[in-house]
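Written below as C-alpha cells is the structure these notes are about.
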Amino acid sequence: MVVMKNKPSVTLIVLFMLLTAVGWINIFSTVYQSKDFTMDSAYGMQLIWIASLWLIAIFVFVIGKGFYYHFAAYIYLIFTVLLVVVFFIGVEHAGAKSWLGIGRFGIQPAEFAKYGTCLLVSRYISSYYCDLSKWKHVWRVGIIILIPVGFILLQNDTGSALPFFFLVFALFREGLTPWILIFGFALIFLFVLLIYFPQWIIITAVTILFIMILIHWYRKKKPRIFRTWIVYIAAVIYIFSADIVYHKVLQDYQRQRIDLLFGKIDDPRGIGYNVNQAKIAIGSGDIFGKGWGKGTQTKLNFVPEQSTDFIFCTIGEEYGFIGTTTVILLYILFIGMIIRLSEKSKDTFTRCYGYCIASIFFAHTTINIGMTIGLMPVIGIPLPFISYGGSSLWAFTIMLFTFINLEAKVNRRRTEN
Amino acid sequence: MKTYDKRKWWIWTVFGLVALIYLVRLFSLQVLEPQWTDKAAANALRYIAEIPPRGLIFDRNGIKLVDNEISYDLMVVPRNIRSLDTSELCNILGIDTAEFNNRLQKAKRYSTYAPSLFAKRLSPQTYSFLTERLYRFSGFYIYPRTVRKYYTDAAAHSLGYIAEVNHTDMEKDDYYTAGDYTGRSGIEKSYETVLRGEKGQRIILVDNLGREQGRYFDGLYDKSAVPGKNLWASIDKNLQEYGEQLMQGKRGSIVAIEPATGEILCLVTSPSYAPSLLVGSERSRNYMSLHHDSVNKPLLNRALIAMYPPGSTFKLVNALIFQQAGIVNEHTLYGCQMGFAYGNRKLGCHNHPSPLNVTASVQHSCNAWYCRGLVAMLENRKHYKSTREAYADWHKRVLKLGFGQKFNSDLPYEIAGIIPAADYYDKAYGVNRWRATSIISIAIGQGEICATPVQLANLAAIIANRGYYYSPHLIHSITHKDSLNNGFTLRKYVDIDEVYFPQVIEGMERAVIAGTARRASVPGIRVAAKTGTAENPPRKDHSLLVCFAPVDNPRIAISIIVENGGFGATWAAPIASLIMERYLNDSVVRKDLELQIMNGKITYW
Ligand SMILES: [Zn+2]
C-alpha cells in the first residue's frame with residue numbers, strides 16, 4: 001500500500017526544467033546558423049528528447065514505490081545483460097563499442113547500468129541485515145558495483161565507468177569505514193606524485209615516513225607494528241604496480257591526457273588541442289560573456305564536441321563568469337536538494353538511493369566541467385541534463401524521477417515496521 | 001543500530017569544496033586572465049589590411065611627377081598546393097626547377113599556411129597568361145600591389161623612393177606590417193605619414209579550418225582605408241630637368257629658391273640617376289650598383305650633403321656683417337695694393353681701382369678690403385673686449401644667416417656645414433693666442449669655413465629679400481595645389497637691417513654689368529650675382545656663384561657649384577644665366593650658349 005507523504009519536490013522538478021532549458025539554449029546557439037528554424041537539427045532533436053523526458057518522468061513517477069524496491073535486482077540484471085549484449089550488436093563510437101541502436105536513435109547501456117546499480121546497492125544496504133561496518137557486506141556491495149564496471153571497461157569506455165566509483169560517497173554515508181575513502185584519496189595522491197617524481201624518490205619518502213611511524217609507535221608503547229608493516233608493503237606494491245599501470249596498462253592517449261592535465265606535456269596544437277581550445281572559449285567569455293550565438297570559438301568549431309561533452313564551453317564563452325557561476329550554482333542546488341531530501345526521508349532505501357544518484361550527478365558534473373577548465377583529464381562523459389543526446393537524458397531523468405517518486409511517497413509497510 | 005547522520009556534513013564539505021575550487025578556477029580563467037580573449041581573437045578573427053593608394057606627387061605647377069601603378073605578385077600558400085604541374089608553372093614564370101624548389105622551400109620555411117611571395121612584379125604577358133591558367137595551380141594566387149610610377153627622369157633625390165619596411169621601421173612605428181612600403185628618402189620620406197594615408201581593416205570570421213565565415217559583427221569594427229594625400233612639390237619640373245641637362249658631364253649642384261616663400265624651385269645634383277631605377281623588384285639591385293659607383297657617387301646629394309669653402313661668395317656675408325656691426329659704412333674706403341700684407345705674408349688680389357667702398361668691394365671682389373674689414377672688426381677694442389669676443393659676435397651673426405647649422409625643414413638629409421666657434425681657435429692656437437690675422441682667410445670664405453649649396457642659395461634669397469628668409473623646403477602644398485599653409489611660413493629675420501642691403505646688391509649687380517660675374521647676365525633682366533672660387537688643392541678650384549633676379553622684384557635665388565670648374569665665372573656664371581632665363585622667360589633664346597654648356601664636359605681624373 002502506497003500513500004503520498006507529500007507532494008513531489010517542486011524544487012527538484014524546477015531545477016530539472018532549468019537545466020534542460022540551459023542545455024537546449026546552448027545547443028541551439030552552437031548549431032543554429034541560418035535564419036531557418038528546423039526540427040531536422042541537433043536543437044530540433046534535443047527538443048524532441050526533452051519533450052519525451054516528460055513522458056518518461058510521468059511513467060516513472062506513477063509506478064508504485066514498492067516496484068523499485070522489489071524489482072531493483074531485476075532492473076540491475078536487465079541493464080547488466082544489455083551491457084553484455086553491446087559486445088555482440090553494439091555500435092562503435094569514438095573507439096568505444098558501447099552503443100545500442102538503430103540509426104540516430106541509440107542508447108548507451110552504461111548510462112542505464114548506473115541506474116540499476118544505484119537501485120540494487122540501495123536495496124542491499126537498506127535490507128535489515130546489511131551492516132557496512134562489516135567487510136562481508138562491503139564486499140557484496142562492491143561486487144554489485146564492479147560487475148557493470150567490469151563490462152564497461154571491457155567496452156573500452158573508461159569514462160563511463162568512472163562515475164561508479166563515486167558511489168563510495170553514498171556507501172560512506174551508510175556506514176562504510178572512512179578509511180576506504182582516505183585510502184582511495186591516498187592512492188590518487190600517490191599516483192599524482194608518481195607522475196611528477198621518479199619512483200625511487202617516492203619509495204624513499206614512503207620508507208622514511210614508515211620508519212618515523214614505527215618510531216612513533218615504539219615511543220607511545222603501542223605495538224601496531226604488524227599493521228604498519230602491512231600498510232607499508234601494500235604501499236610499496238602499489239607504487240610499483242601503479243608505475244606499471246601508468247606505463248604499460250594505460251593506453252597512450254590515456255597517459256597523454258593525464259600528462260597533459262599535470263602539465264607534463266604542453267601541446268596546444270596536438271594532444272592538448274581540445275583542452276586548450278576549451279580554455280580559450282571559456283576564458284574569452286570574461287565576466288558577462290559574448291552573448292547568445294556570439295561565441296566565436298564554439299560556433300566556429302574551434303572547440304570540439306561543442307554540444308555534447310564540451311557544452312560547458314559554450315556557456316562559458318557566451319555567458320561569461322556570470323553564466324558559469326549560475327550553472328554551477330544550479331548544480332549545487334540540485335545535488336544539495338537531493339541530499340537534503342534524502343536526509344529528510346525516514347526510509348533507508350530512499351535515502352541511500354538519493355545519495356547514490358547525488359554521487360553520480362556529482363561525478364558527471366565534476367568530471368565534465370573539470371575537463372573543460374583543465375582540472376580533470378579529458379574524459380568524455382555528458383553534463384547531466386545539459387549535454388546533447390537522448391540516451392543520457394533518458395537515463396538521468398529516470399534516475400531523478402525515481403528519486404522524486406520514492407521521496408514523495410511513504411511505503412506504509414515499512415513505516416509500520 | 002549505529003547511525004551515521006553526522007557523515008552528511010563530510011559529504012557536504014567535499015562537494016562544496018569541489019564547487020569552490022571550480023568557481024575560483026573559473027574566476028581566474030574568465031575574469032583574471034586576459035590572454036584567453038586575445039587567443040580567441042587569434043583563433044577566429046582574421047584582420048585583413050586594406051592598403052590605401054599612396055598620395056601622388058605633382059610639381060609646383062600641377063604637373064604630375066609620381067603616380068601609382070599596379071604590379072602583380074605571385075603568392076603561394078604551401079599547404080594548399082595540390083597536384084602541381086611544376087614544369088608548366090616553371091615555363092610560365094621562366095625559371096628552372098631548381099629555382100622553383102628553392103623558392104618553394106623558402107616559402108615553406110616561412111609558413112605552410114600563410115602566404116609568401118613567390119614571384120615579384122610579373123610582366124604583363126606573364127600576368128595575363130597566368131591568370132587564365134591559375135585555377136590549375138591551387139595554392140598559388142596573384143596579389144596586386146601598387147608601385148610608384150615616375151613621369152620624369154629628374155629630381156630623383158628630391159622625390160626619394162619607397163621600399164618595403166624592415167624590422168627597424170616596424171619597431172619604430174607599429175603602423176607598419178611586413179610587406180608595407182615606406183618612404184626611404186626625399187619627399188617620400190619626409191612626407192611619409194601624409195602620403196601613406198591610413199590603412200583600413202576588415203575583420204572576418206574564420207572557422208577551425210580557416211574557412212571564411214562572414215564578417216565580424218557585420219563589419220561594425222571594420223575600418224575603411226583613407227587614401228594618402230596628394231602633394232605639390234616646390235620643384236618646377238621643367239626647371240629641374242633643364243638644370244640636370246645643363247649639369248650633364250659636370251659634377252656639382254644647382255639650388256634655386258623662390259625668395260618670397262623659401263620653396264626650392266630646383267635641386268639639381270649631378271651626377272644623378274633616374275628615379276624609376278629604384279622601383280619594385282629591381283630596386284635593390286639598382287640601388288647597390290648606384291651605391292657602389294664610387295667614382296660618380298650618384299646617390300650623393302651634393303646640394304645638401306656636400307660642403308665647400310664658399311670662397312668669394314662669402315664676402316657678401318662679411319659685407320653685411322661689417323656694416324651691421326658698425327665697422328664700415330657706405331663711406332668707408334679701404335685701399336688695396338694687389339693684396340693684403342700682414343706680418344711677413346701677403347694675401348694677393350687682382351688689379352682693380354683702389355680705394356673702394358662696400359659696393360665696389362663686392363663688384364671687384366677685393367680680397368684686401370675684406371681682410372681689412374675683418375681686422376677692423378676683430379681688433380676693435382671699442383666694441384669688443386677681446387678678439388675672441390669680437391669673433392664670437394661675428395660667429396653669431398654668420399649663424400643667423402643660416403650657415404653652420406641645419407635648416408631642419410623637409411630636406412631629406414642635410415649637413416650643417418662648418419663655421420667654427422671661438423673654442424675651435426682656442427684649441428688650435430691656444431687661448432688668447434690668436435688674432436684677426438691668424439684667421440684672416442675667413443674674410444674671403446676660405447680656411448675652416450664650409451657651406452652647403454643650399455645654404456648659399458639661401459644667402460642669395462636673404463639678400464633678395466633684404467633681410468629675411470624662409471627655411472628652404474621641398475613642399476609647395478598638401479591636399480590642394482593652392483592650400484597655403486605647408487608648415488614653412490615662419491619668416492626668419494637675419495638681424496641685418498634693410499638699409500645695409502642696397503650697397504651689397506648694387507655691388508652684385510655691377511659685378512654682372514662690369515665685374516667678375518659678367519657671364520651671369522641675362523638680356524633684359526637685372527641680375528645680381530657674386531662669383532666665388534673655392535680652392536681645392538691640389539686639384540682645380542671649384543666654380544661657384546650665387547645670384548638672384550630680377551633685382552627689384554626677385555623671383556629666383558640661386559647657388560651654383562661646378563666642381564673643379566675653375567673660376568666662378570667659367571662654368572657657374574653661364575649656367576646661372578641660363579637657369580634664370582629659363583625660369584623668368586620660360587624659354588631660352590641663347591641656344592648656342594645652352595648647347596655649349598650642355599655639351600661641356602669637365603674631365604675628372
Ligand atoms: Zn683688391
Side-chain angles (χ1 to χ4, degrees), chain A residues 33 128 131-133 169-170 172-176 178 181 268 273 276-277 279-290 294-297 299-304 316-317 320-325 328-329 331-332 335-336 339-340 342-343 351 355 358-359 362 365-366 369-370 373-375, chain B residues 1-47 79 111-113 203-221:
Chain A
Q33 296 283 9
Y128 66 94
D131 179 3
L132 280 182
S133 61
F169 286 111
F172 168 70
R173 170 62 185 87
E174 298 304 330
L176 182 73
L181 267 171
Y273 177 83
N276 186 49
Q277 293 298 338
K279 282 203 266 184
I280 290 175
I282 295 173
S284 66
D286 290 336
I287 299 176
F288 299 105
K290 299 172 187 172
K294 300 269 167 57
T296 53
Q297 306 306 296
K299 238 176 137 58
L300 297 171
N301 299 324
F302 289 100
V303 176
E317 189 180 15
F321 183 64
I322 304 289
T324 52
T325 309
I328 287 178
L329 285 178
Y331 278 118
I332 292 173
I335 294 169
I339 292 175
R340 214 173 95 88
S342 304
E343 286 292 345
R351 184 184 66 220
Y355 266 100
S359 306
F362 176 71
T365 46
T366 306
I369 295 175
I373 56 179
L375 290 179
Chain B
M1 197 172 149
K2 193 182 170 189
T3 62
Y4 300 98
D5 286 351
K6 292 277 181 292
R7 288 193 174 180
K8 71 178 176 195
W9 298 117
W10 282 104
I11 291 167
W12 274 115
T13 310
V14 172
F15 286 16
L17 217 59
V18 169
L20 189 68
I21 290 168
Y22 278 32
L23 286 175
V24 169
R25 169 72 167 183
L26 280 165
F27 185 76
S28 153
L29 209 60
Q30 299 190 281
V31 182
L32 300 182
E33 297 172 14
Q35 72 269 35
W36 305 109
T37 309
D38 301 336
K39 286 186 178 178
N43 259 344
L45 306 183
R46 288 286 170 277
Y47 296 87
R79 78 162 178 187
S111 168
T112 54
Y113 52 89
I203 311 175
I204 58 165
L205 289 164
V206 293
D207 68 5
N208 60 329
L209 301 176
R211 293 174 304 202
E212 205 173 314
Q213 299 287 324
R215 299 166 76 191
Y216 184 59
F217 276 97
D218 287 331
L220 185 65
Y221 298 102

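Order of the sequence lines fixes the chain letters, A, B, ..., with proteins taken first and strands second; residue numbering starts at 1 for each chain.
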Name the region of [X], side chain, backbone, both or neither, that has any atom closer than 4.5 Å to a heavy atom of chain B.
X      : answer
A/I369 : both
A/I373 : both
A/Q277 : side chain
A/Y355 : side chain
A/L329 : neither
A/I339 : side chain

| message | If you compare all heavy atoms of B/A19 against all heavy atoms of A/I332, which two are closest, and at what distance to 0.1 Å? | response | CB-CD1, 3.5 Å

| query | Can you name the closest pair of heavy atoms from A/L176 and B/R7 and give their distance? | reply | O-NH1, 2.5 Å

| request: Verify side-chain contact (heavy atoms from CB on, under 4.5 Å) between A/F321 and B/L26, making sure each step is shown before the conclusion. | output: CA-CA 7 Å; A/F321 183 64; B/L26 280 165; 4.0 Å; yes

| message | Under the rule for ring pair (Phe, Tyr, Trp, His ring centres under 6.0 Å), what residues qualify as partners of B/F15, not counting sequence neighbours? | response |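 Checked B/F15 against ring pair (Phe, Tyr, Trp, His ring centres under 6.0 Å); matches are A/F169, A/F362.
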
| note | chain B shares the most heavy-atom pairs under 4.5 Å, among A/G336, A/S133, A/G289, A/A281, with A/G336

| query | Hey, mind stepping through B/V14 and A/L181 against side-chain contact (heavy atoms from CB on, under 4.5 Å) and telling me if it holds? | reply | CA-CA 11 Å; B/V14 172; A/L181 267 171; over 6 Å; no

Polar side-chain atom of [X] near backbone of [Y] as donor-acceptor pair, under 3.5 Å:
X      : Y      : result
A/Q297 : B/A40  : yes
B/Y22  : A/T366 : yes
B/R25  : A/G370 : no

| task | Going by the side-chain contact (heavy atoms from CB on, under 4.5 Å) test, name the single residue among A/D286, A/I287, A/T324 that passes it with B/Q30. | result |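 Testing each of A/D286, A/I287, A/T324 against B/Q30, the sole residue satisfying side-chain contact (heavy atoms from CB on, under 4.5 Å) is A/T324.
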
| Is chain A contacted by the side chain of B/D5, its backbone, both, or neither, given a heavy-atom distance below 4.5 Å? |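 Both parts, backbone and side chain.
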
| message | Under the criterion side-chain contact (heavy atoms from CB on, under 4.5 Å), I'd like the reasoning laid out for A/R173 against B/Y4: C-alpha separation, chi angles, the key distance, then a yes or no. | response | CA-CA 6 Å; A/R173 170 62 185 87; B/Y4 300 98; 3.8 Å; yes

| How long is the gap from CG on B/L23 to CD1 on A/I328, to the nearest 0.5 Å? | 4.5 Å

| task | State which residues pass side chain to side chain contact (heavy atoms under 4.5 Å, CB included) with B/L32; sequence neighbours excluded, sorted by chain then number. | result | B/F27, B/S28

